[in-house]
Amino acid sequence: MEIVANVLVGLVAVLHMYILVLEMFLWQRKPGRGLHGFDPETARVTAPLAANQGLYNGFLAAGLVWGLLAADPTGFRVQMFFLSCVVVAGVFGAATANRRILFAQALPGALALAAVIAAR
């Protein structure tokens, strides 16, 4: 079960690195604009906000990688903290921005969190 948990945590970290790239570097290009259906002007105006969000997603990814690399009990605790942050951010994003975030962010985070707990 520990291998499954580590793979899920790693996938959530990769997801958040992808979100970092999308929001920080591709926001005004087709992949970023297509995510929310923004026209070029809306993407330009919202780019600083998206870059800030992307940076936070990068911090989540870094924390998850730290949790994978650190020895227990630190690794377990770090994974629990950052996966909890992912779930809370996903639920909040779904409630305030777009319901898809619940499935794209909160659900993977919750599955990884459950796997980490079960592997303990």
Side-chain angles (χ1 to χ4, degrees):
M1 188 62 184
E2 185 176 347
I3 293 171
V4 171
N6 287 342
V7 167
L8 291 176
V9 171
L11 289 173
V12 173
V14 168
L15 171 66
H16 284 274
M17 285 306 300
Y18 171 73
I19 295 170
L20 173 145
V21 170
L22 189 66
E23 293 178 339
M24 291 189 79
F25 305 111
L26 301 177
W27 192 253
Q28 295 183 64
R29 297 190 175 136
K30 191 172 183 175
R33 288 196 330 257
L35 186 64
H36 294 287
F38 289 158
D39 60 71
E41 178 60 18
T42 302
R44 185 189 67 75
V45 171
T46 60
L49 298 171
N52 188 278
Q53 289 176 179
L55 184 62
Y56 285 104
N57 278 287
F59 291 143
L60 292 173
L64 293 171
V65 170
W66 173 28
L68 287 171
L69 296 176
D72 284 335
T74 301
F76 172 76
R77 291 175 181 156
V78 169
Q79 289 178 38
M80 293 291 294
F81 174 78
F82 281 97
L83 288 170
S84 296
C85 290
V86 166
V87 172
V88 169
V91 169
F92 183 78
T96 61
N98 189 320
R99 196 184 277 189
R100 290 181 303 178
I101 297 171
L102 188 65
F103 302 101
Q105 182 177 350
L107 181 60
L111 292 173
L113 183 60
V116 168
I117 292 168
R120 187 69 175 173

Filter on side chain to side chain donor-acceptor pair (under 3.5 Å), then keep only pairs touching residues 5-17, sequence neighbours left out; what's left? His16-Asn57

Non-neighbouring partners of Leu102 that pass side-chain contact (heavy atoms from CB on, under 4.5 Å), sequence neighbours left out: Val91, Ala94, Ala106

Does Gln53 have any side-chain contact (heavy atoms from CB on, under 4.5 Å) partners at least two apart in sequence or in another chain, and if so, which? Glu23

Suppose the criterion is side chain to side chain donor-acceptor pair (under 3.5 Å): which pairs have a residue in residues 68-91, not counting sequence neighbours? none

Pairs touching residues 95-107 that satisfy side chain to side chain donor-acceptor pair (under 3.5 Å), sequence neighbours left out: Asn98-Arg100

Rounded to the nearest 0.5 Å, what separates atom CG in Leu8 from atom CE in Met1? 7.5 Å

Treat each ILVMFWY residue as a node, draw an edge where side-chain heavy atoms are under 4.5 Å apart, and state whether Phe25 and Phe59 are in one component. yes

Residue set satisfying side-chain contact (heavy atoms from CB on, under 4.5 Å) with Ala114, at least two apart, ordered chain then number -> none

Taking all heavy atoms of Pro108 and all of Ala104, pick out the closest pair and write down the distance. CG-O, 3.5 Å

Under 3.5 Å donor-acceptor pairs involving side-chain atoms of residues 35-45, not counting sequence neighbours:
from: Asp39; atom 1: OD1; to: Glu41; atom 2: N; distance (Å): 2.9
from: Asp39; atom 1: OD1; to: Thr42; atom 2: N; distance (Å): 2.9
from: Asp39; atom 1: OD1; to: Thr42; atom 2: OG1; distance (Å): 3.3
from: Asp39; atom 1: OD2; to: Thr42; atom 2: OG1; distance (Å): 3.1
from: Glu41; atom 1: OE1; to: Arg44; atom 2: NE; distance (Å): 3.2
from: Glu41; atom 1: OE2; to: Arg44; atom 2: NH2; distance (Å): 2.6

Among the clusters formed by ILVMFWY side chains lying less than 4.5 Å apart, do Ile101 and Leu15 turn up in the same one? no

Can you tell me which residue pairs pass the ring pair (Phe, Tyr, Trp, His ring centres under 6.0 Å) test with a partner in residues 84-120, sequence neighbours excluded? none

Cluster check Tyr18, Leu55: I/L/V/M/F/W/Y, side chain < 4.5 angstrom: yes

By the rule that ILVMFWY residues connect when side-chain heavy atoms come within less than 4.5 angstrom, directly or transitively, which residues belong alongside Val12? Val9, Leu60, Leu64, Trp66, Leu68, Phe76, Val78, Met80, Phe81, Phe82, Leu83, Val86, Leu113, Val116, Ile117

Between Ile19 and Leu107, is there a shared hydrophobic cluster once you connect ILVMFWY residues whose side-chain heavy atoms come closer than 4.5 Å? no

Once side-chain contact (heavy atoms from CB on, under 4.5 Å) is applied, do any residues pair with Pro31, and if so which ones, sequence neighbours excluded? Leu22, Leu26, Arg29

